[in-house]
Amino acid sequence: MNFLDGLNPPQKEAVEYTEGALMIIAGAGSGKTRVLTLRVANLLQQGIEPYQILSLTFTNKAAKEMRERIEKIVGIEAKSLWMGTFHSIFSRILRIEADRLGYDRNFTIYDTDDSKALLKSILKEQNLDDKVYRINNVLGRISGAKNKLITYKLYAQNDALKAEDAASKMPELYRIYEIYQKKCYKSNAMDFDDLLLLTNILLRDNEDIRQKYQQKFQYVMIDEFQDTNLSQYNIVKMLSQKHQNICVVGDDAQSIYAFRGADIQNILNFEKDYPTLKTVRLEQNYRSTNNIVQAANSVIANNKNQLRKSVWTSNDEGNKIKLVKTMTDTEEGRLVADTIFEEKHQNSWKNEDFAILYRTNAQSRIMEEALRRKNIKYKIVGGFSFYQRQEIKDLLGYLRFTVNQRDEEAFKRIINLPKRGIGDTTVAKLLAMANEKNINVWELLTEHTTEISNRIAGVLEVFTNLIKKFIQLLDSKDAHELAVIIAKESGLLKDLYEDKTIEGISRYENVQELLNGISEFVDNEENEDKSLSTFLQQITLVTSMDEASKDEDKDKVTLMTIHSAKGLEFKHVFVVGMEENLFPSQMANNSLAAIEEERRLFYVAVTRAEQKLTLTYAQNRYYYGNLQQCEPSRFLSEIDKQFLQNEGGMSKWTRQGFMNKEESNEKDNNTFSFSNQFKKTTANYTKVTNLTKTTPTADFKPSNLAALKVGMKVEHQKFGVGIIKELQSFQDDKKAIINFETQGEKTLLLSFAKLQILE
DNA sequence: CTATCGCACTGTAGT
DNA sequence: AGTGCGATAG
């Protein structure tokens, strides 16, 4: 087995120990992904079928990356592996077995926004004050309960929980939970936590289904085990009961999701649940310089509740860690941008060798501005998702309602969109009426029309006829064709198209982008089920982090939160905003456990760096538009001084940080005028960060459709350069068959294709 | 029912 | 700074 060459003894052991329970404690940079990849390859080489291996990860990105790496070793076989996030894998299973739970297979997955909107309406209906019952708290309590496998029935019987609720002035919480859950069920909808909780219930209550999947999954693997919650762990425990071939990989020092129910206790329980457990520790770090490894160790050593830690490296000592203080947050950005600019030339490093990590997404804007001024290409990972944009959610609302008419959140979103004179009062009345009759709104609208007042009934009929038409097309049209029809006939597209403001154009383009996305979904041969319903379930579980890394995304500086940086590595990492109350977050002040989690987060940030690490903090920073003074983070003082660069090396930047009063005023004025300018061009700004490359003059718009001719050379945003082979009419639209250089022949609906005419 | 204005609030991460 | 809410006028 030559692919084991170059592994150290514990790595080799982890790859070869395939039968029974195995726990791999993998320190930062210890080659974990490589070990996991080879482990799967090893199983496949032993003749295990790919569909018998279940491999669970925490993010879609991690799953995708691992699948690609395995594919490189074993080839096409890797496609049949069951590999994905807990949520995506189990939503797939739930879709197949939905009827056992009384759900329809077209169930909607409610995202956090949907959940909050539903809770808000429940609070209103129950006359509860949303100042007392804070939506985030309420959702957090419900979510926390679900992650501990506490259903609303169990919650109502649990005096301890109810006492906690009473203490936080929310004694009715158990009732809200019950109403929320029943409404979700009535809407044929599941929230994120339901995907796990209901999988638990499905497997627990259905012997045959449990056996089916126990039989199927002979080998189960979990990555980032320290981040799993009880609900997730319990599913895996049930699934691996028959074969007992379960392998978990984790690092307690990198546990950063306790706030949402992840339980380090799972690691301890694991040893109890599997007495024959074999434990392998990967402690040699191959990623970072000795200075970085030691500095990381010196910080994490401050945690009282750490389990085990002895990560070491035989790498060079390397550069010392740079600590930089700046006057303001703007200057912090400038400093980072300047440093990247210089180092790119000095070391001939590329943009992709740098990462800027921050604690909160809000910090990204200042870094963006600085990089743009220096003309440094960057990409933002995570943050505000494409699918959270209003115009996207509007169209998705129509698509969702077409697939599942019980989806009440979608109904509320689209019933008066575009405006048809149905206000909140009317909607509330309709919902109350439906509730009273114990039917859903769609049934009310279609079967009880006579009971609705004439004025409204007329408008509603137009709406129901529209939806009925869409429903009829569900079987005959593919997801993309149908989405295009819905976008047009609902009037959404027309509204956006007529809005010629910068924001309006951007929104129109975003909708086009969504339609392109659906088109890609349909064209993708790997997707077996091309229904609109599957598409919708899939995208709810996809965040902007998971978008395919395009070629144009290649050589760019990466900006992201520390949370999303887990598992990645960069030559030079900047951790910015090292200030008390920002990192560690102010919210962490309440408990030791929270501070320790922040410290682990810092540990994660530091261990992303291969060669250079720079920590920066500002003395003044804008919070909600107010300039505030900041103190350096306590974590900075916890780093063993011997790993920090001496004062002399800092002086260059430190000097820049201190300005005399005159300079300071001048600078403030500059900052002010810049931010005013920024305000006016927000839409442009968004567009640039979206990485859409447009040349206004040559850009193809639906309005100059006639400009296209057969034989013309064009460039498509996604498919690249091609020659127009044929132009066709499709209803009142034009379609083009284009032969792309790399993608082959594609048929595009022109009004949604982003084409640029080349010749 | 819709549009507009002034006021108050914002509390971290990602499926 | 940006958002979302309630009150008010049209």
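All values derive from a computational prediction rather than experimental measurement. Chain naming here is simple, since letters A, B, ... match the order of the sequence lines and numbering starts at 1 in each.
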Q. Which comes earlier along DNA chain B counting from the 5' end, the contact point of A/E598 or that of A/S88, where each point is its nearest nucleotide?
A. A/E598

Q) Which residue lies toward the 5' end of DNA chain B, A/F192 or A/T425, if each is placed at its nearest nucleotide? A) A/T425

Q) Just wondering, do A/Y622 and C/dA1 stack (centres under 5.5 Å, planes under 30°)? A) no

Q) Can you check whether A/I518 reaches A/L399 side chain to side chain, under 4.5 Å on heavy atoms? A) yes

Under 4.0 angstrom between [X] side-chain N/O and [N] OP1 or OP2:
X	N	value
A/T426	B/dC1	yes
A/T561	B/dG14	yes
A/S585	B/dA13	no
A/N416	B/dT2	yes
A/K120	C/dC5	yes

[X] side-chain N/O to [Y] backbone N/O, donor-acceptor pair under 3.5 Å:
X	Y	result
A/E332	A/G577	yes
A/N416	A/R420	yes
A/N404	A/N188	yes
A/T464	A/L460	yes

For a quick check of understanding: with a heavy-atom distance under 4.0 Å over all strands, which category does [X] fall into, base, sugar-phosphate or nothing?
X	result
A/N361	sugar-phosphate
A/Y257	sugar-phosphate
A/F58	sugar-phosphate

Protein and nucleotides 9-11 of chain B: nitrogen or oxygen contacts under 3.5 angstrom:
residue: B/dT10; atom: OP1; partner: A/R134; partner atom: NH2; Å: 2.2

Between [N] atom [atom2] and [X] atom [atom1], what is the distance in whole Å?
X	N	atom1	atom2	answer
A/Y623	C/dA1	OH	P	17 Å
A/H563	B/dT15	NE2	C1'	13 Å
A/R420	B/dT2	CZ	P	11 Å
A/R260	B/dT15	CZ	P	7 Å
A/E369	C/dA1	CD	P	13 Å
A/Q254	B/dA13	CD	P	20 Å

Q) Charged N to carboxylate O below 4.0 Å: is that the case for A/D111 and A/K393? A) yes

For [X], all residues meeting ring pair (Phe, Tyr, Trp, His ring centres under 6.0 Å), sequence neighbours excluded:
X	value
A/Y185	A/Y103
A/F535	A/F521
A/F570	none
A/Y233	A/F225

Q. Of all the nucleotides listed (B/dT15, B/dA3, B/dA13), which has the minimum atom distance to the side chain of A/K419?
A. B/dA3

Q) Below 3.5 Å, does any donor atom in the side chain of A/T112 face an acceptor in the base of B/dT15, or the other way round? A) yes

With 3.5 Å as the limit, what N/O pairs link the protein to nucleotides 7-10 of chain C?
none

